[in-house]
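For the numbers below, each heavy atom of this structure counts, side chains included, while hydrogens, waters and symmetry mates do not. Reminder, nothing fancy here: chain letters follow the sequence lines and each chain counts from 1.
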Amino acid sequence: MSETRPEPMAKAYQPAQVERAVYQRWLDADVFAPDGAGSRARPTAEPFVIIMPPPNVTGALHLGHAARSATEDLMIRRARMQQRPALWLPGVDHASIAAQWVLRRVLADEGTTPEELGREQYLERMWRFMEETRPVIMGQQRRLGISADWGRERFTMDDGSARAVRVAFKRLYEDGLAYRGQKLVNWCPGCGTSVSDLEVIGTPEEGKLWSVAYHLLPEGAAAGAEPSRDEIIVVATTRPETILGDTAVAVHPDDERYRHLVGRLVRIPFIDRDVPIVADDFVERGFGTGAVKVTPAHDHTDFETGERHGLPRIDVMTDEATMNAAAGPYEGLTREACRTAILRDLEAMGDLVEAKDHEMVIGRCQRSDDIVEPRLKTQWFIDVKPMAERAMRAVRERRTLFVPERFEKVFFDWLENIYDWNISRQLWWGHRIPAWYCPDGHVTVSDVETGPGRCVECRTFELAQDEDTFDTWFSSGLWPFSTLGWPDATHDLRTYYPTQVMETGHDIIFFWVARMMMLGEWLTDQEPFRVVYLSGLIRDPYGKKMSKTKGNVIDPLGIVDEIGADALRFALINGAAPGADQRLGPSRLDGARNFANKLWNAARFVLGAKPAELPAEMALILPEADRMGPAEHWILSRCHAALRDADAAYGGFQFAEATRILHTAIWSEYCDWYLEMAKVRLGADVAPEARAATWQVLAWVLDRYLRMLHPVMPHITEEIWGRLPHRPDDGDLLITAAWPASEALQSAADESQAAAVADIIELVSQMRNARADAGIEPATWLDAELRFEQADRTKAFDAIADVVAKLARVRPTVGHAEHASERTAALVVVSPGAEACLSVGAQDRERDRVRLEKELAETEQLLTATSAKLANAAFVSKAPAAVVDGVRTRQAELQDLATRIRGHLGR
RNA sequence: GGGCGGUUAGCUCAGUUGGUCAGAGCGCCUCGCUUACACCGAGGAAGUCAGAGGUUCGAGUCCUCUACCGCCCACCA
């Protein structure tokens, strides 16, 4: 503590300077890494590890990131103070599609396009872009005060990730899970790549359902024969342009209308293909005409129907979603133009039977909003079912828990109905698929960085690598272990894996969480994390999602500059129930700012009130019990309760509850009551040892609260703590000081004195209440005669009579007469265990009667309710004894209270 | 079409295993610049816990149904 801090504490808290300075102090001390120079972790303690969900390199930090970072930092800081080796590994994701879109815009500004640059130059440019944006994102994270281990920062495109991707893919290939095949993929024409099922957003839209007449060939006629003019089958479709790719018409096998037509051939218009009518029970008889055109190359259902019936698949489109040569006369048209043309032509032919409005769901690309086209492509897929089984087992065996628990069901529902994962992306930015093909089409998969020397089958050297890259989420799925060194059994992997908590938004439970669990279980034989903590979305004050287009985005850095990172963190955590979305607006932020200010000022008072008799360099210790007054015992008791409850809340992921407890403890108990009580006992007329003891308690309790609050508001607590005396074993920084163990407090407080003070506080409140109701000026001092039912209350009162005087603005005496109030005009206050009579003028007394009457009415109402409960024989016999006793005690209290009030009212 | 979540003071929301649980913050009203803080202090008003049944001695808290609101999943073309 030789370090000088010249600047005195400012009257109003100035977060910006304090936060930057404090953060630098931590960096200098090297305390973020579990094995850093400043770490005080016990090596034998169980490590606590969080791998940071990587923000995209492309975007600026938004409130969602801030909320997540705040929550993760909170957990890491608590674990660090518990002296566990706490590792929080930060990183960023390369976000291939998103990055590609962003860079395209950047390039457009520079007057060029990716196509012009070509793959190689494009990738160079992308890397440069990454080098520019990555530090920005990480700098923003730092500004929030997060205590990640920057020395271990990772990127999903770094060499370690690249190697993990290759090794993982080869393993999956050898295990028979990764395969290459021609299947229907979700093609986004705008992005020029396939996307996974998850990236296709079902969008309800108003469309049309057209009924089209297909002409049958005469019974028994071979393909190519002249179709009948009259014998038709009417099919219903929402996508007439796919008629050109039809290879069958399907009807339900039990449909009487069509049963006799099964096996006949129909003529597909415009391209003159003759296709069979097949029976398949996927057909809904009640929908449309009950007859369905089947286009296996452009519809997922039809693809499967085609598989069952061995139908050809005819792709009629190009990558740009225009019609290709297979579309015959319509070649070159866009999907939309082709539809219009076909409808026009059908109409002209008289084969357009009906057109009616139809509500439907259209698959659009999450990224570009283009209509996704199911198309036939030869790509890589992963059979995820076996991995899904493993992931689900981890949850069933409780090796991985969801918080909140209900997301387990969501998780299971998805994994139980999972399809193969298309992982090929026709993008340049990303990990290139490590598969090579020889001219004969043999496939060689290799995990060697430079690729395989020769074909595994024909040994030729002539190899070409797959042009495609992996779905971004493939490398993200390896994140919890690739960042720790996998596939090598590194020290980090052995020490820190499996990790403890994965904290992320519930919106990426499928994209990311489930995939990490599948890949983690499969590749490492362990669950990648023990707990999945899912947080909600941050919304604007009106409950709307924040989005750039709506213009309702709150920039977290703007808030940080304005009110400080600590206040923002407090607001975010205080407002978040696990898994639930939260609205964030100015009022909550103001509240958090005010709380920081309150804490700052309380600390300023405490530090400034240090009695001269205490040495400058002193250790933080609690004084002997007999040197403390009742108020000291009371605050120690309250402090103990707050610590116990807040710690339990932290431990149970009830972070908002923890902040609520600490807010109440600090503001409503410590500041509102104890500080005021302590002021009296710090006065010049107080015995020096009592004065010293009072300050020691003030400092000691503040120290506890600072420790407990540090995970949420790290900077301000660190700054204040640095100015307080420390315990010899604490070190210089709060960030590595010990987490308060609740048992340390147990013997400190004398609970009976604490209870006496609680009664006196209640009495003071009621005296204030009575004064306000009677309209007595706050400045007016009144004589008050107090009576206590128990001797220990009287004793406690004697010790803090000055406090009571000051807080209630009265000159108190302890009375012994039975009915003092009847002798003089007085306000009468009746509370459990105590009464007070305040001398006032007669007219005030009259107003006071009204208040007493009201109080009596309330008391009697409560009394009636409790008595009714006790009168119920079933309650008395069936409820637990403790509950019944509690009600009896309550009844007695109320009875007593009512009697006394009646007495004062002269009844 | 399935599933999940919500409906508690004017507003935003806490209330994890049924028994001081009817709460907090903001807002509002009345006082007060009392030497930590007006980003403050003291006091106050305000809710039949969406509706209807049921289980229980006892239900915002468990069950059923209903009504709105939100989200997720889904191959009726």
Name the pairs: protein N/O against N/O of nucleotides 15-18 of chain B, kept only if under 3.5 Å.
none

Encoded 5' to 3' (Watson-Crick or G-U under 3.5 Å; [ ] crossing; | other strand), RNA chain B becomes (((((((..((((.....[...)))).(((((.......))))).....(((((..]....))))))))))))....

Could you measure between the two C1' atoms, the one in B/rG51 and the one in B/rA42, and give it in whole Å?
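So the two C1' atoms sit 41 Å from each other.
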
Exercise for the section: Taking side-chain contact (heavy atoms from CB on, under 4.5 Å) as the test, write out the residues that go with A/Phe412, two or more places apart. Expected result: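 With neighbours one apart ignored, the set is A/Met392, A/Val395, A/Arg396, A/Glu408, A/Glu416.
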
inquiry  = Just to verify, what does A/His252 make a side-chain contact (heavy atoms from CB on, under 4.5 Å) with, not counting sequence neighbours?
reply    =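 So A/His252 forms a side-chain contact (heavy atoms from CB on, under 4.5 Å) with A/Asp254, A/Asp255, A/Asp281, A/Val283, A/Arg285.
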
Set of residues satisfying side-chain hydrogen bond (donor to acceptor under 3.5 Å, both in side chains) with respect to [X], sequence neighbours excluded:
X        : result
A/Gln654 : none
A/Glu858 : none
A/Tyr258 : none

Scoring nucleotides 32-39 of chain B by protein non-hydrogen atoms under 4.0 Å (B base, S sugar-phosphate only, - none) yields ----BB-B

The contact string for nucleotides 71-77 of chain B, one letter per nucleotide 5' to 3', using protein heavy atoms under 4.0 Å with B, S and - for base, sugar-phosphate only and none, comes out as --S-BBB

For this session: Please determine if a side-chain N or O atom of A/Arg583 lies less than 4.0 Å away from the OP1 or OP2 oxygen of B/rC13.
Result: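 A/Arg583 to B/rC13 OP1/OP2: side-chain N or O found under 4.0 Å.
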
Identify, residue by residue, the members of residues 658-666 of chain A with a heavy atom below 4.0 Å from RNA chain B, and return them in order of residue number, or none.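 The stretch gives none, as no residue of it lies under 4.0 Å from the strand.
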
For nucleotides 43-49 of chain B, give me every protein contact, N/O to N/O, under 3.5 Å, one pair per line with atom names.
from	atom 1	to	atom 2	distance (Å)
B/rG44	OP1	A/Asn769	ND2	3.0

Protein N or O to nucleotides 56-61 of chain B N or O, pairs below 3.5 Å:
from	atom 1	to	atom 2	distance (Å)
B/rC57	OP1	A/Lys878	NZ	2.1
B/rC57	O2'	A/Asn872	ND2	2.9

